[in-house]
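Values in this document were obtained by computation on a predicted structure and should not be read as measured data. First the proteins, then the strands, lettered A, B, ... as listed; each starts at 1.
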Amino acid sequence: MIPFLASNFALESLEKFLGSMGFTAIFAGMQWGNLVMIAIAFFLLYLAIKKQYEPMLLMTIAFGMLLTNLPGAGLFHEELFAGGHIHWGEFVKQNPGLLDYLYLGVKLGIYPCLIFVGVGAMTDFGPLIANPKSFLLGAAAQAGIFITFLAAFALGFTPEQAGSIGIIGGADGPTAIFLTSKLAPELLGPIAVAAYSYMALVPVIQPPIMRALTTKKERMIKMSTLRTVSKTERIVFPIVIATIISLLLPDAAPLIGSLMLGNLMKECGVVDRLSKTVQNELMNIVVIFLGLTVGATATADTFLSPATLKILLMGIIAFGIGSACGVLLAKFMNLFAKEGNKINPLIGSAGVSAVPMAARVSQKEGQRENPSNFLLMHAMGPNVAGVVGSAVAAGILLSFLG
Amino acid sequence: MMIALAVTGWGWTEMIWATVISIGLVFFVLVLMVFVMKLFGVIFAQQHEHKLPKQAGKPVSAGLLHEEEIAAITTALKLYKSALHDRESEVLTILSIKRAYSPWNSKIHGLTQLPDRK
């Protein structure tokens with residue numbers, strides 16, 4: 001007999017190979033949770049690709065979710081980040097996966113800030129500089145964050161978790177990820193999915209609220225033309241805002257500083273190459289890393305729990321309250337405004353960030369009542385004020401709860 | 001951290017206070033920004049005014065100009081306006097290029113011939 005046929009080597013190798021297969025792990029270990037998570041990842045991929053709901057992030061988040069829930073692949077190890085800390089010692093002892101290394105960028109708060117540099121370089125603060133009252137609408141829309149903060153606490157979440165859930169109302173993905181990674185990293189997956197899903201659903205969530213809180217006459221208000229903003233003002237704005245807010249709220253400095261750095265790159269006009277890089281290449285690279293790793297935190301153990309459903313519910317409440325408060329403050333401001341200087345309350349809902357989709361919704365709703373009404377530039381003011389406002393709110397929550 | 005508070009053991013009293021203070025702080029910071037930006041608007045508007053030539057836009061009081069001067073200005077404006085035109089020259093700039101046939105640039109020889117299915 002040929003010797004190699006007599007040995008058990010072939011059988012043992014085959015057995016070893018079969019044992020290492022993900023399919024075996026699923027069926028032998030009855031890991032039904034992983035199967036459900038893989039199905040959810042497929043559904044999110046469908047939403048991102050077919051329905052184009054925030055595809056840039058939802059697609060990568062969904063794929064990260066798929067990769068992390070593949071048994072045996074070992075791409076992400078939650079235990080390396082257990083308790084909200086990075087266990088550096090374990091990085092040496094264990095054999096970390098690709099996503100473990102990439103997740104360090106989230107855990108250390110690097111990706112959200114880099115995204116904010118890109119967002120700043122793409123944002124035109126001109127409408128806000130021309131009409132500084134927009135800051136008030138941006139502030140009012142943050143009320144949803146804090147009301148949800150209380151509501152989440154009432155539902156049994158810890159104050160840190162409640163703060164992270166409330167920030168969904170800011171409708172600002174990077175800010176939500178930044179704050180959650182610091183306060184409640186165990187909820188990062190569900191909160192990121194909720195934040196980006198609701199941002200994509202702005203055109204569905206906001207219009208009914210806007211129509212319910214305004215009269216036809218208010219929706220038809222035409223706003224006066226914005227003044228021209230000089231180049232010097234545009235250059236000085238990011239420098240002044242970054243300095244003042246960072247001095248007032250050091251915890252908001254990473255986000256506000258990054259946002260304003262990007263904006264300064266765009267406005268100063270002397271670093272065009274840097275401006276283009278942060279708007280395109282850097283932003284796109286970071287979006288890939290951020291999406292994949294945030295999706296990777298959505299493991300079956302953390303995602304498939306009643307807490308996720310509560311987070312999704314709280315998120316939509318936060319978003320709705322934020323939009324409503326913006327509209328209501330605009331109506332309140334109109335009580336004191338002179339005729340001809342009134343604000344169309346529809347621009348108030350743009351105070352939740354979601355740039356520029358929330359402003360587009362205001363424009364669309366305004367034109368629905370009065371086709372000759374152009375609210376887009378007026379709505380961009382509260383919209384970009386909302387970005388600053390949500391970063392300030394995140395800084396305040398971090399300083400209280402961090 | 002700006003404010004170091006022990007979060008463990010927070011009850012409703014602490015939560016409500018934290019919420020009220022947080023909303024207040026958000027409004028305080030953003031209202032402060034409103035004033036800062038308004039101040040900026042005033043400063044930059046003043047600078048803009050200084051840069052403008054003092055005579056520009058100054059209304060001419062009646063009686064300072066003679067009728068002949070007014071007629072000269074009006075004629076000059078009329079001539080200037082009539083010199084402006086908003087019509088294009090209507091000359092087509094697409095030149096047709098005639099090339100002699102060559103198998104090297106023939107599409108018939110370059111494209112895959114598919115069977116004619118009828």
Side-chain angles (χ1 to χ4, degrees), chain A residues 125 128-143 145-150 152-154 158-160 162-163 166 183 227-230 232-233 236-237 240-241 244-245 248-252 256 325 329 351 385-386 388-393 395-402, chain B residues 1-60 73 76-77 80-81 83-87:
Chain A
F125 283 100
L128 181 62
I129 302 169
N131 185 15
K133 277 189 286 185
S134 304
F135 267 121
L136 295 177
L137 299 174
Q142 310 311 316
I145 294 175
F146 298 106
I147 294 168
T148 312
F149 171 58
L150 283 181
F153 185 67
T158 64
E160 294 93 337
L183 294 182
R227 75 173 173 87
T228 316
V229 177
S230 68
T232 321
E233 277 178 278
V236 172
F237 176 82
V240 169
I241 296 287
I244 295 178
I245 295 185
L248 281 171
L249 286 166
D251 285 306
I256 292 289
C325 288
L329 187 77
V388 178
S390 55
V392 167
I396 291 168
L397 284 171
L398 197 57
S399 67
F400 274 17
L401 307 167
Chain B
M1 288 299 132
M2 188 180 70
I3 305 162
L5 294 174
V7 181
T8 44
W10 271 27
W12 274 106
T13 318
E14 290 85 356
M15 286 295 287
I16 290 168
W17 270 115
T19 306
V20 172
I21 295 169
S22 302
I23 293 179
L25 276 173
V26 170
F27 268 93
F28 169 73
V29 172
L30 295 186
V31 167
L32 185 72
M33 289 302 113
V34 174
F35 285 113
V36 170
M37 293 323 296
K38 285 219 174 224
L39 187 69
F40 261 78
V42 172
I43 294 167
F44 284 105
Q46 278 177 356
Q47 280 189 350
H48 189 65
E49 276 173 21
H50 281 299
K51 279 180 187 171
L52 289 174
K54 285 184 180 174
Q55 290 297 321
K58 196 177 176 182
V60 179
I73 292 167
L77 282 170
Y80 173 69
K81 292 259 180 185
L84 294 174
H85 62 91
D86 55 0
R87 294 186 64 187

Can you name the closest pair of heavy atoms from [X] and [Y] and give their distance?
| X | Y | answer |
| --- | --- | --- |
| A:Phe400 | B:Ser22 | CE2-OG, 3.5 Å |
| B:Gly41 | A:Arg227 | CA-NH2, 3.8 Å |
| B:Met33 | A:Ile241 | SD-CD1, 3.1 Å |

Review point. If you count heavy-atom pairs under 4.5 Å with chain B, which of A:Ile244, A:Val388, A:Val229 comes out on top?
Key: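 Of the candidates given, the most pairs with chain B belong to A:Ile244.
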Practice item. Sort out for me which of A:Asn131, A:Leu397, A:Leu128, A:Leu136 touches chain B most, counting heavy-atom pairs under 4.5 Å. Key: A:Leu136
Study note, to complete from the structure: Whatever's closer than 4.5 Å to a heavy atom in chain A on B:Phe35 counts as neither
Side chain, backbone, both or neither: which part of [X] has an atom under 4.5 Å from a heavy atom of chain B?
| X | answer |
| --- | --- |
| A:Ala154 | both |
| A:Leu150 | both |
| A:Gln142 | side chain |

Check: [Y] and [X] side chains under 4.5 Å, non-hydrogen atoms:
| X | Y | answer |
| --- | --- | --- |
| B:Val29 | A:Phe135 | no |
| A:Leu248 | B:Leu32 | yes |
| A:Pro159 | B:Met15 | yes |
| B:Phe40 | A:Ile129 | no |

Exercise for review: Tell me, please, which residues at least two apart from A:Phe237 pass ring pair (Phe, Tyr, Trp, His ring centres under 6.0 Å).
Suggested key: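 Once residues adjacent in sequence are excluded, the partners of A:Phe237 under the ring pair (Phe, Tyr, Trp, His ring centres under 6.0 Å) criterion are A:Phe125.
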Point to revise | Spacing of B:Ile23 atom CD1 and A:Cys325 atom SG [to the nearest 0.5 Å] | key: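 The SG atom of A:Cys325 is 8.0 Å from CD1 of B:Ile23, to the nearest 0.5 Å.
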**Study point:** Counterpart residues, side chain to side chain contact (heavy atoms under 4.5 Å, CB included), relative to B:Val20 (two or more places apart)
**Key:** B:Ile16
